[in-house]
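In what follows, a single structure is set out as structure tokens and then discussed.
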Number of protein chains: 2
Amino acid sequence: MTSANAATQAPRARVERAALELFTSRGFDAVTADEVADAAGISRRTFFRYYPTKADAVWGDFAAHVARLDALLRSAVPGAPVLGTVCTAYADVNDYGPADLPVLRQRMRLILTEPALQAHSQLRYAEIDRVVAEHVARSTGEDPSGLLPRLVAASTRAAATTAFAAWLADDRADLGVQLHRAFDELATGFPSLGD
Amino acid sequence: MTSANAATQAPRARVERAALELFTSRGFDAVTADEVADAAGISRRTFFRYYPTKADAVWGDFAAHVARLDALLRSAVPGAPVLGTVCTAYADVNDYGPADLPVLRQRMRLILTEPALQAHSQLRYAEIDRVVAEHVARSTGEDPSGLLPRLVAASTRAAATTAFAAWLADDRADLGVQLHRAFDELATGFPSLGD
DNA sequence: TTGCCCGCTGGCACTGGGTGCCACTAGGTT
DNA sequence: AACCTAGTGGCACCCAGTGCCAGCGGGCAA
């Protein structure tokens with residue numbers, strides 16, 4: 001049983017809220033794990049049982065995120081254009097309700113600006129890349145470790161990350177729109193470059 | 001004076017050699033900074049004066065690498081296609097002589113496979129992305145922090161990294177060829193996907 | 001009810017990366 | 001000879017992360 005019941009879910013949510021607040025106000029490096037644990041009302045030891053590293057407290061339940069992306073890609077129409085499918089999956093999996101957007105902004109701002117979190121993100125992205133590369137491999141009949149699947153995975157993820165950054169930089173921007181703009185450029189060989 | 005004289009350059013080279021050997025044979029995490037320092041004949045304290053982090057010992061003089069890439073991009077033909085310029089610059093800056101290839105493989109294998117180094121690499125890549133985004137901004141008249149420059153920087157760097165991985169996976173592959181293959185796919189909207 | 005087991009928690013001690021501080025030394029200056 | 005400076009090493013410290021063990025509470029069988 002991996003899903004948490006009420007008794008374990010409440011503390012986790014408290015920890016994540018405390019972590020986001022503390023990291024946002026004082027910076028990731030300046031906040032110790034003890035402080036986050038204290039603010040959440042748990043011990044330091046328990047904190048590191050919830051999250052393997054301090055950085056993971058920022059990411060919430062990322063494994064579920066990856067699993068949803070994987071499910072979306074596996075349920076995609078077989079013959080559909082690959083990049084379109086990947087873009088739609090990225091957009092769907094990041095289609096948060098208005099109530100969740102502030103927290104998402106807070107989370108992404110930390111991940112994209114704090115060096116330690118920026119570094120850590122590479123490890124999370126690798127999980128996404130694996131799922132996308134496997135989808136491309138299924139669609140094209142290639143090996144998931146071949147150049148094309150890896151290239152599509154890495155560059156679409158680069159596009160998604162860039163879209164997130166653009167979304168963050170503009171308070172009124174829509175995340176789905178930014179994602180489509182980035183993917184469109186990518187899929188058509190960057191027509192805006194005007195070569 | 002940032003350039004090192006003979007008295008400081010020799011120890012640095014010894015440290016990098018020792019680090020590469022130890023990390024390759026026993027794994028990055030299993031080797032302590034003390035062991036690297038001992039193997040190089042310096043103290044732990046001096047090691048951390050040479051390299052701000054243990055991971056940086058793997059990267060050699062990366063600032064010079066970025067500076068060379070920047071110089072190549074700034075000296076590029078003004079009207080030339082942007083992606084082609086970036087690809088050529090990537091290929092030129094990574095055009096090592098046959099004698100240096102074994103060390104390059106060792107270095108890249110570590111960076112691409114060791115999780116801690118994979119995470120750290122994001123911080124180095126950010127420096128590259130900045131330089132590339134500025135080049136795109138100069139070429140198109142946009143703001144370096146806009147969507148297109150950042151997107152081109154992130155996706156070309158993704159292509160380069162993927163090319164490195166493909167090169168690593170095949171002992172007989174040529175790095176320049178892999179780079180061009182990846183960039184060609186990227187520049188033409190991934191024709192191999194067959195959409 | 002009693003005794004047992006089990007999952008979660010917290011405390012403790014330890015390793016290792018990274019840093020600030022200070023003392024020492026070697027080489028060059030006046 | 002007194003002096004400055006750059007590089008080095010030792011030391012103490014902070015903090016992330018981990019293994020180990022003790023305690024605690026809740027279910028469950030006898």
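Just so it is clear, the model here is predicted, and its values are computed rather than measured.
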- Message: If you take the centroid of each ring, where Trp contributes its six-membered ring, are B/His180 and B/Phe183 closer together than 6.0 Å?
- Response: no

Expressed in angstrom and rounded to an integer, what is the separation of [X] atom [atom1] from [N] atom [atom2]?
X: B/Arg45; N: C/dC24; atom1: CZ; atom2: P; value: 18 Å
X: A/Lys54; N: D/dG17; atom1: NZ; atom2: C1'; value: 12 Å
X: A/Asp34; N: C/dG11; atom1: CG; atom2: P; value: 11 Å
X: B/Ile42; N: D/dT8; atom1: CD1; atom2: C1'; value: 10 Å
X: A/Phe47; N: C/dC12; atom1: CZ; atom2: P; value: 20 Å
X: B/Asp56; N: C/dG17; atom1: CG; atom2: P; value: 14 Å
X: B/His120; N: C/dG17; atom1: NE2; atom2: P; value: 14 Å
X: A/Tyr51; N: D/dT18; atom1: OH; atom2: C1'; value: 19 Å

- Message: Students often get this wrong, so: under 4.0 angstrom with heavy atoms, is B/Val31 touching a base, only sugar-phosphate, or nothing?
- Response: sugar-phosphate

- Message: When you measure from the side-chain N and O atoms of A/Tyr50 to the phosphate of C/dC8, is any distance below 4.0 Å, counting only OP1 and OP2?
- Response: no

- Item | Under 4.0 angstrom between A/Thr32 side-chain N/O and D/dC15 OP1 or OP2 | no

- Message: Using the side-chain heavy atoms of A/Thr46, tell me which of these nucleotides is nearest: C/dG17, D/dG17, C/dG10.
- Response: C/dG10

- Looking at C/dG10, D/dG17, C/dG17, which one has an atom nearest to any side-chain atom of A/Thr53? D/dG17

- Message: Side chains of A/Arg124 and A/Asp56, heavy atoms from C-beta outward: is any pair under 4.5 Å?
- Response: yes

- Under 3.5 Å, is there an N or O donor on one side and an acceptor on the other linking the side chain of A/Arg49 and the base of C/dG10? yes

- For the base of C/dG17, is there a side-chain donor-acceptor partner from B/Arg44 under 3.5 Å away? yes

- Determine, for B/Glu134 against B/Arg130, whether the closest basic-nitrogen to carboxylate-oxygen distance falls under 4.0 angstrom. yes

- Note on the structure: For B/Asn94 and B/His65 the tightest heavy-atom approach is OD1-CE1, 3.4 Å

- In terms of hydrophobic clusters joined by side-chain contacts under 4.5 Å, are A/Met108 and B/Leu147 together? no

